[in-house]
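Reviewing the structure listed below.
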Amino acid sequence: MNRITKLGLVSAAALLPTLGLAEEAAPVAGVDASTDTIFILNSLLFLVGGFLVFWMAAGFAMLEAGLVRGKNVTMQLTKNIALFSLAAIFYYLIGYNLMYPLGTWSVDGILSGVWGPGVLEAVGVGRDGADDYGYASTGSDFFFQLMFCATTASIVSGTLAERIKLWPFLIFTIILTAIIYPLQASWKWGGGFLDQAGFLDFAGSTVVHSVGGWAALTGALILGPRIGKYKNGKTIPIPGSNLTLATLGTFILWLGWFGFNGGSQLAMGTVGDVADVSRIFANTNTAAAGGAIAALLLTQFMYKKPDLTMVLNGALAGLVSITAEPLTPSLGAATLIGAVGGVIVVFAVPFLDKLKIDDVVGAIPVHLIAGIWGTIAVVFTNADASLGTQLYSIVVVGAFTVIVSAVVWMVLKTLMGLRVDEETEINGLDMAELGMEAYPEFSKT
């Protein structure tokens with residue numbers, strides 16, 4: 001999803017003459033009407049893709065609300081709307097220009113030389129004033145890229161649920177969305193050193209999902225497990241409050257992923273581009289199905305009963321797995337890539353429990369481990385991919401995210417404390433931290 005140049009906006013009315021919908025419209029001297037069409041359609045792809053990815057914020061909120069206990073639901077909902085809002089502000093203030101240096105680097109290929117808030121084009125801008133008239137509008141690009149940034153923060157929220165304080169989490173979110181995510185994203189999508197090395201990550205199995213997963217894993221190790229999760233060498237199941245909400249959240253995320261992967265084609269101005277977008281939609285969908293069915297069958301085989309939470313996370317893992325390369329696989333290959341993601345979830349969840357790493361919603365298997373798998377799987381369907389380069393990039397992004405996240409988490413732990421006290425955790429964060437409950441008639445559940 002490389003964008004080395006930033007973009008510009010024109011009236012949609014300019015599209016009408018090129019489609020034959022305004023018979024009396026006279027051609028403009030010196031202007032290629034097809035450029036208007038490309039500009040408008042590319043911008044439209046970013047806008048439609050962006051609001052589909054925005055809907056994933058609702059998906060994460062519902063998934064987390066369903067998988068935490070009733071006494072912590074309001075906290076998860078608060079975190080999700082706050083983290084999205086903070087991402088929107090701080091990506092604008094710092095992250096957007098940090099992520100897209102426009103070829104201007106303070107440190108070549110590593111650190112942007114473009115600093116300051118993002119700037120949109122003027123109101124009513126024309127062809128001559130558009131930032132990138134041959135491509136798309138700046139506002140559509142900014143909006144689309146922001147949604148990916150916010151998604152990264154959403155991944156962290158679910159893993160650390162039920163025991164982290166609100167404000168330290170939100171401060172971490174600011175640093176993640178303003179600096180950690182956009183800086184490493186610039187190394188690939190901003191034309192940085194990973195891109196120059198030949199790293200391929202179409203829509204972000206590594207750039208988005210593994211970054212959220214690495215940050216979540218680091219936080220979980222520092223924060224520790226929930227009280228009562230591990231006793232006498234055994235893992236104690238802690239059921240969520242509402243599997244209906246969790247299932248709804250999964251379907252919303254599935255829907256949003258069409259914008260996530262489809263929009264990452266970054267162009268819709270030619271027959272080839274539109275055909276590729278439709279191919280991406282189909283591959284994205286079947287990868288999710290493959291992940292869900294693999295988890296369904298495997299849990300039936302291993303536990304004698306299907307596990308809904310594994311099936312839900314299997315679908316999500318399938319989506320993460322195909323995100324690094326949703327264009328080149330056949331439908332069959334995409335299904336198999338997604339199915340491996342579903343298998344990963346079924347084995348990774350109990351493995352993390354053996355290590356006493358408490359991941360409330362299963363985000364680490366879904367976004368980190370399946371993200372690594374998806375990044376490696378690119379080599380099976382894209383002849384331009386190099387296994388060595390893919391592995392190198394996974395390690396670079398992982399090491400950077402873990403080191404910086406660990407420093408931030410430890411500083412917050414020292415200055416503010418990360419974890420609520422034992423009484424608050426037992427009684428629930430909703431009342432202690434927020435003074436309200438999602439289900440007041442069913443308190444203490």
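Computed from a predicted structure; not experimentally measured.
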Just distance, no hydrogens or angles: give the donor-acceptor pairs under 3.5 Å from side chains in residues 362-371, sequence neighbours left out.
residue : atom : partner : partner atom : Å
H367    : ND1  : H209    : ND1          : 3.0

S278 (side chain) donor-acceptor with A275 (main chain) under 3.5 angstrom: yes

Heavy-atom closest contact (F172 atom, A215 atom, distance): CZ-CB, 3.9 Å

Ring-ring centroid check F54 F84, cutoff 6.0 Å: yes

Salt bridge (Lys or Arg N to Asp or Glu O under 4.0 Å) pairs, two or more places apart, involving residues 395-420: R419-E425

Side-chain donor/acceptor of R279 to backbone N/O of P326, under 3.5 Å: no

N285 and W257: side chain donor to acceptor below 3.5 Å: no

Candidate list F144, F39, F51, F142, test ring pair (Phe, Tyr, Trp, His ring centres under 6.0 Å), partner F46, passing option: F144

Contact summary for D201 and G204, nearest pair of heavy atoms: OD1-N, 3.1 Å

Within 6.0 angstrom of L391 CG, more than 12 heavy atoms from elsewhere: yes

Donor-acceptor contact below 3.5 Å, side chain S205 vs main chain V320: yes

Interatomic distance, I252 atom CD1 to L245 atom CG [nearest 0.5 angstrom]: 9.0 Å

Beyond-backbone contact of T151 with F60, side-chain heavy atoms, under 4.5 angstrom: yes

N/O donor-acceptor pairs under 3.5 Å from side chains in residues 330-343, not counting sequence neighbours:
residue : atom : partner : partner atom : Å
S330    : OG   : A333    : N            : 3.1
T335    : OG1  : T286    : OG1          : 2.7
T335    : OG1  : L331    : O            : 2.7

side-chain contact (heavy atoms from CB on, under 4.5 Å) assessment of T218 paired with I222: CA-CA 6 Å; T218 307; I222 294 172; 4.1 Å; yes

Pairs where residues 290-335 contributes a residue and the test ring pair (Phe, Tyr, Trp, His ring centres under 6.0 Å) is met, not counting sequence neighbours: none

Sequence neighbours excluded, every pair satisfying side-chain hydrogen bond (donor to acceptor under 3.5 Å, both in side chains) that has a member inside residues 373-385: T206-T375, E325-N382, T328-T381

Using distance only, find each side-chain donor-acceptor pair of residues 392-408 under 3.5 Å and give its atom names and separation, not counting sequence neighbours.
residue : atom : partner : partner atom : Å
S393    : OG   : T389    : O            : 2.9
T401    : OG1  : V397    : O            : 2.8
S405    : OG   : T401    : O            : 2.7

